[in-house]
There are 2 protein chains.
Amino acid sequence: MTTIKDVAQLAGVSVATVSRVINDRGYVHADTRKKVEDAVKALNFSPNEVARSLYKRKSKLIGLLLPDITNPYFPQLARGVEDRMQEQDYRLIFGNSDEDERKEQDYIQTFIQNNVVGVISSTNYPHSSIYENLKIPVVFLDRTSLDRPSVYADGREGGRLAAREIIKRGSRRITVMQGPSQIRPAQDRFEGAIEIIRDAGLDYRVIQTTSFSINEASVWAEELFRKYADTDGVIASNDIAAMAVLHEASRIGRKVPDDVQVIGFDDIPMSSLLSPALSTIRQPAYEMGREAAGLLIQLVEQAAIENKNIQLPVSFIERGTTRKVRSDG
Amino acid sequence: MTTIKDVAQLAGVSVATVSRVINDRGYVHADTRKKVEDAVKALNFSPNEVARSLYKRKSKLIGLLLPDITNPYFPQLARGVEDRMQEQDYRLIFGNSDEDERKEQDYIQTFIQNNVVGVISSTNYPHSSIYENLKIPVVFLDRTSLDRPSVYADGREGGRLAAREIIKRGSRRITVMQGPSQIRPAQDRFEGAIEIIRDAGLDYRVIQTTSFSINEASVWAEELFRKYADTDGVIASNDIAAMAVLHEASRIGRKVPDDVQVIGFDDIPMSSLLSPALSTIRQPAYEMGREAAGLLIQLVEQAAIENKNIQLPVSFIERGTTRKVRSDG
DNA sequence: TTGTACGCGTTATCAG
DNA sequence: CTGATAACGCGTACAA
């Protein structure tokens with residue numbers, strides 16, 4: 001490994017001077033600068049971030065904590081975060097929490113040990129002591145928290161939107177899948193949806209789900225059609241659940257969207273490739289990731305005390321699992 | 001931040017002793033140990049990994065480089081890697097390369113600057129100078145390389161399997177989607193497939209694709225049915241491509257599997273939720289991730305010079321996009 | 001404009 | 001069995 005000393009020696013100057021040129025700090029004569037730059041190139045030197053980090057007590061590392069990267073919604077968040085961080089030369093230490101508070105705790109701990117300067121977390125426990133005691137900035141992603149910086153989509157409006165659109169297209173016996181109760185955005189969606197359904201004077205059925213797991217999605221889809229065989233509209237808790245509903249509908253011979261309409265949530269990349277393509281409420285996941293990263297960088301670099309919340313809008317993506325809206329409204 | 005000094009002071013011993021206790025190294029009297037342990041707890045001390053890393057010139061960090069986490073195949077690899085690493089207290093610095101050699105270069109560079117002890121890379125350039133000159137162990141994941149440690153699935157056999165199964169089920173005018181030419185496993189699959197098709201005395205059509213991108217998948221699917229309208233069997237380059245084919249088939253009114261059979265590759269999680277569910281060649285992605293991590297840990301910890309290759313078996317997952325095999329063969 | 005010397009938190013060596 | 005102390009590589013006072 002080539003160190004700053006090697007460079008200094010080759011350039012015939014002191015380490016301080018080398019440090020000055022590579023950090024572009026303080027005065028250094030043009031000639032000396034040239035010598036140093038040549039030496040740096042010759043030795044292919046790049047500064048040891050660890051030593052830097054130790055001295056400055058801060059790094060260019062950010063901790064990213066997501067529930068489960070295997071769930072197709074999260075990679076988009078992750079990608080957004082990464083791209084934005086990358087632009088400012090931050091790197092990511094990444095972990096899957098499985099929504100397990102203990103695992104989160106452990107990860108945060110090792111993040112700290114590695115001098116990360118901030119963390120982005122998609123936690124279910126934003127008020128856990130884990131985060132209360134943290135001395136570095138945290139941004140909650142895809143999680144609502146009013147007293148802490150966070151970036152999330154407007155889940156309640158998403159729920160409303162889904163209900164409005166499905167009602168507008170003629171569903172009357174709507175089943176709403178209620179996502180895991182500990183996940184705020186999932187509850188927001190649910191509440192938004194039933195708010196509109198109630199206002200429309202309709203009643204509704206509920207399927208309570210306890211995770212976003214792909215495996216279990218099929219189980220709930222089965223349960224849905226078993227318990228509510230007459231349902232003619234499903235507002236799914238996310239696109240995976242919607243896929244499972246589509247699959248089950250097809251299996252038992254219910255036509256989508258003629259017999260039953262389905263609206264998903266998220267708009268994961270493959271939703272448009274389904275047959276019929278999935279109508280869904282789009283969350284701008286990639287953007288959310290980017291925003292979270294941007295916000296965290298601000299917090300890190302400007303130590304702004306002000307707590308910020310960024311709420312991004314959702315939108316209805318009309319595809320093939322909902323009927324065309326009748327022209328008379 | 002509480003340091004080893006604080007602990008030493010509170011325990012009334014020297015830092016050396018504290019170090020001995022926390023690393024369980026050398027002799028230390030039971031009573032002293034107790035005092036130190038108490039102090040550690042009282043102060044909630046945990047060692048600064050950065051300082052450790054600086055001194056030891058190695059860390060508990062490894063670099064993971066994947067093309068694009070947004071592609072649903074990679075999260076499974078990532079998750080496998082992470083779970084295995086986690087078990088041995090290694091953490092991941094993660095980056096998306098977008099299959100861009102320059103980006104890889106940059107990431108590897110910063111990995112090194114952060115003292116990572118090894119890297120797992122799913123690169124298209126295993127023989128690039130980036131990796132040649134690396135002094136730390138590298139494991140290539142999902143990429144074949146005979147002279148370097150690597151973990152991959154048996155792509156050629158996968159191709160054969162796909163061809164065999166689709167022929168066995170009656171397809172005669174088969175179209176093979178050839179994945180990006182620079183990606184070895186994709187070529188292996190392709191070659192395996194045409195090998196069997198040729199042996200069967202059939203001819204075949206080819207659609208050349210240049211990426212695994214979801215957006216472009218639709219384009220190729222369209223092209224496929226436009227150019228080869230009579231095709232009665234498609235061996236897709238991966239499950240995403242297969243989804244696009246399914247989608248397009250449905251759009252133009254070709255029945256799957258009756259008019260045309262489709263076999264995917266990968267077995268990504270949502271393949272089973274399609275309607276009809278996707279028949280595919282399964283790669284054990286999660287296992288591959290775990291194996292790669294295990295191998296890298298060995299390399300890191302035992303400095304075994306021996307180059308190892310791990311090839312995992314693929315398997316045919318029979319679902320709804322292929323017909324039932326006729327009992328007479 | 002440049003160099004010397006110290007400290008960041010930890011571990012290993014070597015005396016005691 | 002324990003304690004001083006010198007590294008690890010870098011950045012910054014402070015001196016020159």
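Source: prediction; values computed, not measured. Every chain is numbered from 1, with letters handed out A, B, ... down the list of sequences.
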Ionic contact status for B/Arg290 with B/Glu87, cut-off 4.0 Å: yes
Charged N-O contact under 4.0 Å between A/Lys103 and A/Asp98: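 Salt bridge between A/Lys103 and A/Asp98, a charged N being under 4.0 Å from a carboxylate O: yes.
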Hey, does A/Ser19 reach any base, or is it just sugar-phosphate, or nothing, if we go heavy atoms under 4.0 Å?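 It contacts base atoms.
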Classify the nucleic acid contact of A/Val13 as base, sugar-phosphate or nothing, counting any heavy atom under 4.0 Å across all strands shown.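 The answer is sugar-phosphate, as A/Val13 gets under 4.0 Å only of primed atoms, P, OP1 or OP2.
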Quick one: do the B/Ser46 and B/Asn44 side chains pair a donor with an acceptor below 3.5 Å? no
Give a yes/no on whether any side-chain N or O of B/Thr3 is located under 4.0 angstrom from OP1 or OP2 of C/dG9. no
Respond yes when some side-chain nitrogen or oxygen of A/Thr17 is under 4.0 Å from OP1 or OP2 of C/dG3, and no when none is.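 For C/dG3, OP1 or OP2 has a side-chain N or O of A/Thr17 closer than 4.0 Å.
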If you count every heavy atom of other residues, nucleotides or ligands that lies below 6.0 Å from A/Gln9 atom CD, does the total exceed 12? no
State whether the number of non-hydrogen atoms from other residues, nucleotides or ligands found under 6.0 Å of A/Arg52 atom CZ is greater than 12. yes
What is the distance, to the nearest angstrom, from the [atom1] atom on [X] to the [atom2] atom on [N]?
{"X": "A/Lys58", "N": "C/dG9", "atom1": "NZ", "atom2": "C1'", "value": "18 Å"}
{"X": "B/Arg20", "N": "C/dC14", "atom1": "CZ", "atom2": "C1'", "value": "10 Å"}
{"X": "A/Tyr55", "N": "C/dC6", "atom1": "OH", "atom2": "C1'", "value": "9 Å"}

Nucleic acid contacts - residues 21-44 of chain B versus DNA chain C, non-hydrogen atoms under 4.0 Å: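 Nucleic-acid contacts, sorted: B/Ile22, B/Asn23, B/Arg25.
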With ring centroids as reference points, do B/Phe140 and B/Tyr152 lie under 6.0 angstrom apart?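 Not under 6.0 Å, so no.
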Considering all heavy atoms of both residues, which atom of B/Asn115 and which atom of B/Ser59 are nearest to each other, and what is their separation?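 Reported closest heavy-atom pair: O-OG, 2.6 Å.
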Can you name the closest pair of heavy atoms from B/Pro75 and A/Pro75 and give their distance?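 For B/Pro75 and A/Pro75, the tightest heavy-atom pair comes out as CG-CG, 3.9 Å.
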Bend angle of the helix from C/dT1-D/dA16 to C/dG16-D/dC1 from five-pair axes at both ends, rounded to 10°? 50°
Chain B contact limits on DNA chain D, taken 5' to 3' with a cut-off of 4.0 angstrom to heavy atoms: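 Footprint of chain B along DNA chain D, 5' to 3': D/dC1 to D/dG9.
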On the ring face of A/Tyr107, is B/Arg91 found with NZ or CZ under 6.0 Å from the centre and within 45° of the axis? yes
Rounded distance (nearest 0.5 Å) linking atom CG of A/Leu61 with atom CZ of A/Phe111: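 The distance works out to 9.5 Å.
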Return the 5'-most residue of the pair B/Val15, B/Ala51 with respect to DNA chain D, ranking by each residue's nearest nucleotide.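 Nearer the 5' end of the strand: B/Val15.
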Okay, side chain of B/Asn23, backbone of B/Arg25: is any donor-acceptor separation there less than 3.5 Å? no
